[in-house]
Every structure is written in C-alpha cells, then in structure tokens.
Amino acid sequence: MRKILIIGAGQSGLQLALGLQSKGYEVTLMSNRTADEIRSGRVMSTQCMFHTALQHERDLGINFWESQAPRIEGLGVSVAAPDASRAVDWVGKLDGYAQSVDQRVKMAGWMETFAQRGGQLVIHGAAVSDLDFFASRYDLTLVSAGKGELVSMFGRDASRSPYDAPQRALSVAYVHGMGPRPEHPEFDAVRCNLVPGVGELFVMPTVTNTGRADILFWEGVPGGPLDAFQGIKDPNEHLAMTLELLKRFLPWEYARSTKVELTDANGTLAGRYAPTVRHPIGRLPSGGLVLGVADVVVANDPITGQGSNSASKCAAAYLASIVERGDQPFDAEWMQATFDRYWQTAQHVTKWTNAMLAPPPEHVLNIIGAAGQLQPVADRFANGFNNPADFENFFFDPDKANAYLASVTGQPAG
C-alpha cells in the first residue's frame with residue numbers, strides 16, 4: 001500500500017491520518033509534541049465545529065467526545081451601543097447542533113488512537129532539511145503544521161490575500177463558573193458580541209480536561225482598547241484583563257462572569273496573525289514536492305469561527321482525492337487539483353471572513369438588525385456558519401440583501 005507522510009498533528013493532519021489509516025494506507029505522522037505534552041500544554045485555539053465538519057468526524061468513527069461536549073443549538077448576536085447597552089440582541093437556531101472540544105483533549109486522544117491502530121508516530125520537530133530527507137521515501141508528503149519554518153515553503157497568494165497585517169489582536173480564556181444565560185437558559189448557543197469600532201467577544205460552551213467550560217474570546221482592533229494582552233504572562237492577570245474589558249464594554253456578559261476562574265494554568269492564549277492564502281505546493285531543495293494542508297495554505301482570521309471547520313473539510317477533500325488517485329503519481333498537477341477541490345469550499349470562508357473584518361456596510365447592518373425581528377433571518381445567518389457558501393446568496397451584495405429581506409417581510413425591495 002502507498003506510503004504517506006503527514007507533518008503536523010492538528011485537526012486536519014490527524015483527521016487525515018486516521019482517515020487514510022482506515023483505508024489501508026501506510027501513514028507516518030510527525031508531531032513536535034507527544035500526546036501527554038499536548039494534553040497538559042497551553043490551549044491551542046478556540047473552536048466551534050458545526051454540523052458538516054462534525055459529520056466528517058462521525059464518518060470516520062472518531063467523534064469520541066460527542067456525548068460529553070455541550071450541544072450548541074443556536075448562534076446569537078448582540079451589538080453594543082455607545083453607552084454599553086444592547087442595541088441588538090437575537091439568537092438563530094441551528095439545523096444541526098454544533099460542538100466544541102478543547103483541542104488539547106481531541107488532538108491527544110486522536111494521536112493515541114492513531115498509534116494504537118498501528119500508525120507510525122514520530123515525535124520530532126520537522127525542518128525543511130528533514131523533509132528533503134524523508135520526502136523521497138514516501139509517495140506523498142503533506143504539510144499540516146501551520147506555524148514555523150515549513151510554512152515558508154508556500155508562497156503568499158497576493159490575489160487571494162487582501163490583508164498583509166493582522167486585523168485583530170486575539171485573546172482567549174477558558175473558564176469554569178459562568179452563570180446561566182438568561183436569554184435562553186433551555187439551550188446552549190455560541191454568542192457573538194459586536195462592539196463597533198472596538199472588536200468582538202465570542203462566548204462558546206466547550207468541554208475540556210476538567211469537564212464543561214466556556215471560552216471567552218476577544219478579537220480586538222489593533223491599537224484599540226481590546227489590544228491589551230501583549231506582554232501579559234500571568235494567566236490570572238490575563239483573566240483579570242478579560243473581565244475588566246467585559247465589564248466596560250459588555251456588561252450583560254460580565255454579569256454572568258463574576259464568579260469565573262480559569263480551567264487551568266494553561267487556559268489562556270494571546271496573539272495575532274495576518275489572514276493569508278498561500279500557494280499549495282511547496283518545493284524542496286532537492287526538487288521534491290509537498291502539499292500544504294488546511295491553515296498552512298488558507299489561514300483565515302478566527303472571527304467567523306471557521307478554523308477547525310475548514311480543517312475538517314480540507315482533510316475530507318484531500319482524503320477523497322488521495323483515495324481516488326489509486327496508484328497514479330501524486331504529481332504537481334494532482335496537488336493543484338486537490339487544493340482546488342478544497343478551495344471550492346474555502347473560498348467562501350475567506351471571502352466572508354475578510355468581509356467581517358471590515359466595518360460593515362449598510363446592507364449588512366440591515367440584515368443584522370432585521371434578524372432581531374425576523375426569526376428566519378436569524379436562523380439563516382446562524383446556519384451560514386455551517387455552510388458559508390450561502391452568504392453569496394444574500395450577504396455580500398446590497399441588491400441580493402434587499403431582495404432577500406423583502407422576500408421575508410413580504411415587502412417590495414427598496
């Protein structure tokens with residue numbers, strides 16, 4: 001059977017490794033950390049996976065935490081007024097529930113499963129020189145490590161990357177002890193809180209090593225009041241800053257957060273990166289080719305919560321392309337076609353995410369406002385997080401937005 005090397009043990013690399021393993025491929029997975037180091041390490045991400053991405057995991061039988069993770073049945077949006085009151089507040093219901101599993105839990109568990117099933121697991125931080133040595137020994141080498149030296153092999157695609165600098169300062173805290181949500185105590189939802197000109201706060205229920213938790217995730221406009229976490233090393237100081245900003249800008253979320261504590265000493269994260277689409281094929285010094293995976297080649301800002309969803313969809317698309325290839329060579333033409341297959345999905349995520357980073361135009365404000373009065377609008381917006389392609393039909397173009405809102409209200413488009 002064909003031999004495949006995967007560098008990087010995140011959502012996409014591990015999902016793809018387990019999928020290929022189940023199809024009988026001889027898979028080697030390289031990770032720079034052991035499962036135990038991942039499990040006990042710093043949180044790696046925020047993540048809320050919607051129905052389609054979760055189904056890819058179910059299809060492989062690797063949805064091990066489905067019964068433990070909270071069922072997220074809605075997605076809510078609030079907009080803060082200048083006086084910190086709520087100008088807009090609504091929640092859309094998801095057609096299929098979403099879930100969040102701390103990636104420390106999931107990646108460690110999947111890595112152990114891969115090894116238990118006979119996969120070759122190599123704990124080693126790979127450099128380009130390592131790949132040059134290894135790649136000739138495998139039929140296909142995939143790079144799924146989204147940070148570090150290896151990413152430099154994949155050139156930036158300027159035509160698909162409108163931003164060359166970070167558009168948000170990111171800050172994450174995993175907490176226990178949030179109070180019940182008074183707006184809809186009977187079901188869980190991801191809540192998106194928008195503070196115009198300042199940034200966004202996302203609150204999402206999750207499951208971590210210590211059970212149910214909530215993620216408090218600030219996205220701050222660089223240089224603004226939310227860009228306050230650089231240089232904070234102490235996790236308790238990080239949490240204190242998170243809560244101070246909540247109290248100032250989003251008092252309704254602060255009211256639920258007065259008794260929170262961090263899930264663990266590694267439950268905070270801060271950073272920033274420029275959203276970037278890269279060319280998918282990397283060329284090694286020896287001339288060998290490697291294929292980039294997920295956020296190695298399409299790294300969007302997390303403002304639309306699509307990172308782990310896109311990674312799952314990328315792994316599923318690549319798995320199908322590899323299996324369909326049979327015994328034919330994994331050449332440059334095939335690599336480009338394989339990425340293009342994923343881009344059919346990813347392009348909608350990139351377009352939507354980049355739009356959400358910019359100040360919203362009037363027709364988008366109209367949609368967000370209308371969702372507060374029209375449940376079908378709220379529901380459609382919420383389900384766009386599962387299927388971002390639908391935003392093409394009503395979100396980007398003012399005429400389409402007006403026509404859609406008119407169709408829901410029964411009024412002529414104005």
Side-chain angles (χ1 to χ4, degrees), residues 4-17 20 28-32 44-45 124-167 271-302 306-319 321-322 325 329-351 353-354:
I4 295 177
L5 173 64
I6 299 174
I7 314 296
Q11 171 76 37
S12 205
L14 275 161
Q15 182 182 317
L16 186 53
L20 288 167
T28 299
L29 179 70
M30 289 184 73
S31 168
N32 63 352
M44 296 184 280
S45 65
H124 182 67
V128 172
S129 56
D130 297 311
L131 287 201
D132 222 19
F133 174 79
F134 285 118
S136 62
R137 291 160 172 75
Y138 291 87
D139 297 298
L140 174 63
T141 297
L142 298 146
V143 177
S144 187
K147 299 181 179 69
E149 176 192 333
L150 298 185
V151 178
S152 65
M153 289 194 297
F154 304 91
R156 179 173 178 265
D157 185 343
S159 69
R160 292 171 171 173
S161 306
Y163 300 117
D164 57 8
Q167 298 300 297
R272 66 188 72 205
Y273 60 89
T276 308
V277 178
R278 298 181 181 91
H279 297 290
I281 303 172
R283 186 173 293 276
L284 296 166
S286 63
L289 302 180
V290 297
L291 177 61
V293 182
D295 61 358
V296 169
V297 284
V298 184
N300 293 305
D301 188 277
Q306 294 298 300
S308 55
N309 292 276
S310 293
S312 175
K313 293 171 183 178
C314 182
Y318 280 25
L319 175 62
S321 290
I322 291 167
R325 192 64 173 168
F330 297 118
D331 55 17
E333 185 179 0
W334 174 86
M335 288 183 176
Q336 186 64 52
T338 295
F339 171 77
D340 290 345
R341 181 181 192 159
Y342 168 53
W343 182 247
Q344 292 301 309
T345 303
Q347 63 179 328
H348 302 296
V349 176
T350 296
K351 182 176 180 179
T353 303
N354 289 339

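Remember, predicted model here, so these are calculated numbers, not experimental data. If you read the sequence from its start, that first residue is 1, and numbering goes on from there.
The side-chain heavy atoms of Thr338 and Leu140, taken from C-beta on, include no pair separated by under 4.5 Å. Side-chain contact between Gln15 and Leu319: absent, with no pair of heavy atoms (C-beta onward) separated by less than 4.5 Å. Looking at heavy atoms from C-beta onward, Asp331 lies in side-chain contact with Arg325 at the 4.5 angstrom threshold. By the 4.5 Å heavy-atom criterion applied to side chains, Tyr163 and Asp301 are not counted as neighbours. You'll find the side chain of Leu291 reaches within 4.5 Å of the side chain of Trp334, heavy atoms only. In this structure the side chain of Phe330 never reaches within 4.5 angstrom of the side chain of Leu289, judged on heavy atoms. When side chains are defined from C-beta on, Pro302 counts as touching Tyr273, because their heavy atoms get closer than 4.5 Å.
Note that CD1 of Ile7 is 5.0 Å distant from CG of Leu131, once rounded to the nearest 0.5 Å. Leu5 CG to Phe134 CZ: the interatomic distance, rounded to the nearest 0.5 Å, is 7.5 Å. Here Asp164 contributes atom CG and Arg156 contributes atom CZ; the two are 5.5 Å apart, rounded to the nearest 0.5 Å. In this structure, the separation between SG on Cys314 and CG on Leu16 is 8.0 Å, given to the nearest 0.5 Å. Within the model, atoms OG1 of Thr28 and OH of Tyr138 stand 3.0 Å from one another, a figure rounded to the nearest 0.5 Å.
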Query raised in the report: Taking it one step at a time, do Gln347 and Val298 satisfy side-chain contact (heavy atoms from CB on, under 4.5 Å)?
Result: CA-CA 9 Å; Gln347 63 179 328; Val298 184; over 6 Å; no
Query raised in the report: Can you check side-chain contact (heavy atoms from CB on, under 4.5 Å) on Leu150 and Val296, steps first, answer last?
Result: CA-CA 9 Å; Leu150 298 185; Val296 169; over 6 Å; no
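Of all the heavy atoms in Leu29 and Ala9, the pair that sits closest is CD2-CB, 4.3 Å. Of all non-hydrogen atoms in Ser161 and Pro275, the two that sit nearest each other are CB-O, 4.5 Å. Residues Ser12 and Val293 approach most closely at OG-CG1, 3.2 Å, considering heavy atoms. Between Ile6 and Ser144 the shortest heavy-atom distance is CG2-CB, 4.4 Å. Across all non-hydrogen atoms, the minimal contact from Gly292 to Tyr318 is O-OH, 2.7 Å.
Scored by the side-chain contact (heavy atoms from CB on, under 4.5 Å) test, Ser310 finds Gln306, Tyr342, Val349 as partners (sequence neighbours excluded). Checked against side chain to side chain donor-acceptor pair (under 3.5 Å), Gln336 has the following partners two or more places apart in sequence or in another chain: Asp340.
Between the side chains of Thr350 and Asn300, at least one donor N or O sits under 3.5 Å from an acceptor N or O.
In this structure, the side chain of Glu149 engages the main chain of Val128 through a donor-acceptor pair within 3.5 Å. Side-chain atoms of Ser312 do not come within 3.5 Å of backbone N or O of Asn309 as any donor-acceptor pair.
Just one of Val277, Ile281, Val143 meets the side chain to side chain contact (heavy atoms under 4.5 Å, CB included) condition when paired with Phe154; it is Val143.
For residues 276-292, every residue pair satisfying the side-chain hydrogen bond (donor to acceptor under 3.5 Å, both in side chains) rule, not counting sequence neighbours, is listed here: Asp132-Ser286.
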